[in-house]
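Some notes on the structure that comes next.
Worth knowing before you read on, the calculation uses all heavy atoms, side chains too, and leaves out hydrogens, waters and symmetry mates.
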Amino acid sequence: MKVKQNLRVRIDADAMERIWHWTDLAAGEFSCLATVTDDLVVGGVQLFGQICTSASTEIDQDALAKFLVTHQQPERVRAWIHSHGRLGVFWSQQDEACIEGLANDLCLISIVVNKKREWKARIDVWQPFRLTFDDLPLEIRLPDQNLRGECEALFNAHVVEMAPMLMPDWRAGTRRNSPQQQGQSHQGGWPDFDDDLADWR
Ligand SMILES: [Zn+2]
């Protein structure tokens, strides 16, 4: 794995949804593990046996070993995600110890979340040097629904692209000084909208 300048963590949308559901369901903390692809996409999150309190989640080494033995791609299990429940997102001493316990020869992605939908993501590597890349961007990867062809057909059928100089002057910034707002008739251009409706632009 090459360390890129614009390092980021991506996570499959369904994995993120599961994490938020478990975060909502847990009274306090919980942990789960996930697989990581070569281009750092987290997916396939799974729970394993654990005893949780409001302030800690203990990884049962026997349950973890059983989880890895029965996993289809144990070598891909390189992500540890846990929730802090109602507390903030940070790396506690226990978290640091847990990350060290999950050390491997590639990398470990760790994500901590809470019930307020806050999160923090980091990558740790141990070879050839011990490095931690903290506060990384976390991007949700939406599923590819194979909609390119359909969207392209609809786009070509409905959208006419004109050169910018031929576009009517409809931008919100200039519309506020339009003749219509000054009590004059509105010649050409796009029909005016209510201010509420104009906010989305
Ligand atoms: Zn923690």
- [ ] Give, for atom CD1 of Ile11 and atom CD1 of Ile140, the distance between the pair rounded to the nearest 0.5 Å.
- [x] 6.5 Å
TODO: Please determine if Arg76 and Asp38 form a salt bridge, counting it only when a charged side-chain N lies under 4.0 Å from a carboxylate O.
DONE: yes
- [ ] Evaluate whether atom CD of Gln93 has more than 12 neighbouring non-hydrogen atoms of other residues, nucleotides or ligands under 6.0 angstrom away.
- [x] no
Open item on the list: Minimum heavy-atom separation for Val113 and Trp20, please, with both atom names.
Closed with: CB-CZ3, 3.7 Å
Open item on the list: Looking at Arg130 and Val125, would you say the former's side chain and the latter's main chain have a donor-acceptor pair under 3.5 Å?
Closed with: yes
Task: Residues Asp24 and Arg117 bridged, charged N to O under 4.0 Å - done: yes
Task: Pair Ser83, Trp22: side-chain N/O donor-acceptor within cut-off below 3.5 Å - done: no
- [ ] Establish, from distance only, whether the side-chain atoms of Thr132 and Asp134 form a donor-acceptor pair under 3.5 Å.
- [x] no
Task: Minimum-distance pair of heavy atoms, taken over all atoms of Glu96 and Trp91 - done: OE2-CB, 3.5 Å
Task: Residue pair Arg78 / Asn104, side-chain donor-acceptor N/O under 3.5 Å - done: yes
Open item on the list: Which heavy atom of Glu118 sits nearest to which heavy atom of Asn114, and what is that distance?
Closed with: OE1-ND2, 2.7 Å
Open item on the list: Assigning hydrophobic clusters by single linkage (Ile, Leu, Val, Met, Phe, Trp, Tyr; side-chain heavy-atom cutoff under 4.5 Å), is Ile81 placed with Leu25?
Closed with: yes
Open item on the list: Tell me whether the rings of His84 and His82 are parallel (<30°), tilted (30 to 60°) or perpendicular (>60°).
Closed with: perpendicular
- [ ] Just jot down the side-chain hydrogen bond (donor to acceptor under 3.5 Å, both in side chains) partners of His21, sequence neighbours excluded, or say none.
- [x] Glu17
Task: Glu139 and Arg10 ion-paired at < 4.0 Å - done: no
